[in-house]
Colleague: 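Sharing a structure, written as structure tokens. Questions coming.
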Amino acid sequence: MTRETAFALLNRLFGEKIQSKTEFRGETTYTIAASDLREIAKRCRDELSFDYLLDITSIDNFGEEPRFEIVYELYSMPHAAHLRLKLRISEDFGEVDTVSDIWPTANWHEREIYDMMGIKFKGHPDLRRILMWDGYPFFPLRKDFPLEGLPSDMPDVAFTKVTSMEGGPFVTKPSTATAKDREPRAHPPQL
Amino acid sequence: MPELHSTAYDSKIEGNVIFTRFDAALNWVQKNSLWPMPMGLACCAIELMATAASRFDIARFGAEVMRFSPRQCDVMIVAGTVTYKMALAVKRIYEQMPEPKWVIAMGACASTGGMYRSYAVLQGIDQLLPVDVYVSGCPPRPEALLAGLMKLQEKISREHSFAKQKPELVEKLEEALS
């Protein structure tokens, strides 16, 4: 089976389940329904030999409906072909099916999405936070979370404070002033 | 002509007796055997390793004994980005170090948070620990860290170590002398 026949077979297998198909510079993207994810993922792996899950990411389209997108980047070693699957889910969708039993690497990717975006995965064996600590109350990569952070405190574990942005995260004001004035300190010394 | 007496002269001890202040001797000992706690948290740790390696050779300043137990350390070199998740662990390790102890904030991140002005990064380790020397750079060159170490040595040589470490003994001495 070549790359072309694999994609043709994919179209035939999932024809009615594909909500939209995008081709851009040799990259193929399919948008599918979240309820079809597990079936499509399994057949992609077993019948179309997309045996390698490169990455899972999530996108927050804050202010749009549905709000979140989850993107699965698949790769086929035999065909040397990429395939991108996208789910669009609204905030109150609930839990998305896990694919961690289909591609074990999805385990940590799904944990990261849960940690950063707050999307839960149904059937995940160990859905804990992976970067922030257990008990951290926010999902920091959501668009409504301020970049400078929100204060939180778990005594003896960790704490966070609001960071002074001083007009922007990485701004220097162009002038001949000294570096001290161009880049104000995040925490000015107490005099 | 007054007669010269050489009774105080003893050739056996000549050249082997030094008069100095106790503080000066103690400071001299301390500043030349600073054992660092290598708190390597990010890329600054690579430069810290380079400082310890042969080309820059931190052993020239008596600070080559990197100890991985805080109980045996004198100076904590915070080398790298301190995230909030790591912050209390750094503080705890600092608290486990015996007195007297010093802190070098190595690089922009440890000093101010550096370019990481975000929800995840502590904006300078000086919010948790008393920092003695800040070393600028991203990361600093090994020479810069050595310069920072020499600054710390200067600072130590000005300290009133004895009075700081044995305040009750100093009090007793002052009572006895007055």
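When reading the values below, keep in mind they use all heavy atoms of this one structure, side chains included, and skip hydrogens, waters and symmetry mates.
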Colleague: Between E27(A) and R25(A), does at least one N-O distance fall below 4.0 Å, as a salt bridge requires?
Modeller: no
Colleague: What part of F138(A) lies closer than 4.5 angstrom to a heavy atom of chain B: side chain, backbone, both or neither?
Modeller: neither
Colleague: Distance to the ring centre below 6.0 angstrom and angle to the axis at most 45 degrees; does that hold for K120(A) and Y114(A)?
Modeller: no
Colleague: Would you say that K21(A) contacts T29(A) through its side chain, given a criterion of any heavy-atom pair below 4.5 Å between the two side chains?
Modeller: no
Colleague: Considering only heavy atoms from C-beta outward, does the side chain of D60(A) approach that of L141(A) to under 4.5 Å?
Modeller: no
Colleague: Residue by residue, which of residues 57-89 of chain B have a heavy atom closer than 4.5 Å to a heavy atom belonging to chain A?
Modeller: Y84(B), K85(B), A87(B), L88(B)
Colleague: Is there a side-chain contact between S58(A) and E69(A) in this structure, where contact means two heavy atoms from C-beta onward sitting under 4.5 Å apart?
Modeller: no
Colleague: With a 4.5 Å limit on heavy-atom distance, are the side chains of L150(A) and F145(A) in contact?
Modeller: yes
Colleague: If you look at every heavy atom in D55(A) and T57(A), which pair is closest and at what distance?
Modeller: OD2-CG2, 3.4 Å
Colleague: Counting heavy-atom pairs under 4.5 Å to chain B, which of Y136(A), W133(A), F159(A) comes out on top?
Modeller: F159(A)
